[in-house]
Amino acid sequence: MTGFKICDQKGFHITFENGWTVSVQFGLGNYCDNYNHEGYDGPVPQSSDAEIAAWDSDNKWFEFEGGNTVDGNVSPAALLAFMNMVAAK
């Protein structure tokens with residue numbers, strides 16, 4: 001199913017018509033500004049960067065450079081480029 005999904009109040013998934021899903025996470029414990037954020041009981045409201053990942057409808061994960069399936073500290077511009085690339089697969 002295409003569309004959006006909220007994930008643990010710290011990010012979202014978006015699934016494209018080609019069956020690929022992109023995960024964007026920016027909460028506590030994710031590879032972003034908020035990795036070690038202290039003093040927050042609820043969802044972290046903002047971050048200057050995010051952790052990203054993607055997988056296809058067969059659950060095969062996209063591999064970033066070095067074979068990693070997750071990339072961290074990604075800027076908004078780099079996220080947009082990644083989402084456009086995944087959507088065009």
Side-chain angles (χ1 to χ4, degrees):
M1 180 173 106
T2 61
F4 299 92
K5 176 183 173 186
I6 296 173
C7 303
D8 299 324
Q9 298 183 21
K10 60 182 190 170
F12 65 92
H13 292 170
I14 181 170
T15 302
F16 297 102
E17 290 182 10
N18 63 4
W20 278 84
T21 299
V22 170
S23 174
V24 180
Q25 306 298 314
F26 51 92
L28 300 174
N30 294 114
Y31 297 116
C32 65
D33 287 343
N34 297 318
Y35 183 79
N36 288 317
H37 196 279
E38 294 181 18
Y40 230 88
D41 266 346
V44 179
Q46 65 185 22
S47 181
S48 69
D49 56 10
E51 172 188 302
I52 62 172
W55 55 89
D56 68 12
S57 57
D58 294 324
N59 213 28
K60 180 180 178 203
W61 287 62
F62 178 86
E63 289 189 10
F64 294 93
E65 190 173 319
N68 295 321
T69 56
V70 173
D71 194 14
N73 303 103
V74 175
S75 71
L79 167 61
L80 178 59
F82 180 70
M83 291 176 73
N84 284 327
M85 183 270 300
V86 169
K89 283 187 154 296

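Cluster annotation: Ile6 is not connected to Trp55 through the hydrophobic network of ILVMFWY side chains, with a link wherever side-chain heavy atoms come within less than 4.5 Å. There is a path of hydrophobic side-chain contacts, each under 4.5 Å, that joins Trp20 to Met83. Under the 4.5 Å side-chain heavy-atom criterion for grouping Ile, Leu, Val, Met, Phe, Trp and Tyr, Val24 is connected to Ile14 within one hydrophobic cluster. A continuous path of hydrophobic side-chain contacts links Phe12 to Met85 [ILVMFWY only; heavy atoms under 4.5 Å]. The same ILVMFWY cluster, assembled from side-chain heavy atoms under 4.5 Å apart, contains both Val70 and Tyr35.
Annotation: the span from Asn68 atom CG to Glu63 atom CD amounts to 8.5 Å, rounded to 0.5 Å. Here Asn73 contributes atom CG and Cys32 contributes atom SG; the two are 7.0 Å apart, rounded to the nearest 0.5 Å. Separating the CG atom in Asp71 from the CG atom in Leu79 is a distance of 10.5 Å, to the nearest 0.5 Å. Here Lys5 contributes atom NZ and Ser23 contributes atom OG; the two are 9.5 Å apart, rounded to the nearest 0.5 Å.
Scanning for ring-ring contact (aromatic ring centres under 6.0 Å, His included) contacts around Phe62 gives Phe64, Phe82, with sequence neighbours left out. In this structure Ala87 satisfies the side chain to side chain contact (heavy atoms under 4.5 Å, CB included) test together with Phe16, sequence neighbours excluded.
Asn18 contributes no side-chain N or O that, together with a main-chain N or O of Asp56, makes up a donor-acceptor pair within less than 3.5 Å. With hydrogens and angles disregarded, no donor-acceptor distance shorter than 3.5 Å links the side chain of Asn30 to the backbone of Ala50. Checked by atom type and distance alone, the side chain of Asn34 pairs as donor or acceptor with a backbone atom of Gln46 at under 3.5 Å.
Met1 belongs to no multi-residue hydrophobic cluster, having no ILVMFWY side-chain contact under 4.5 Å with any other such residue.
The nearest pair of heavy atoms linking Gly11 to Phe26 is CA-CE2, 4.1 Å.
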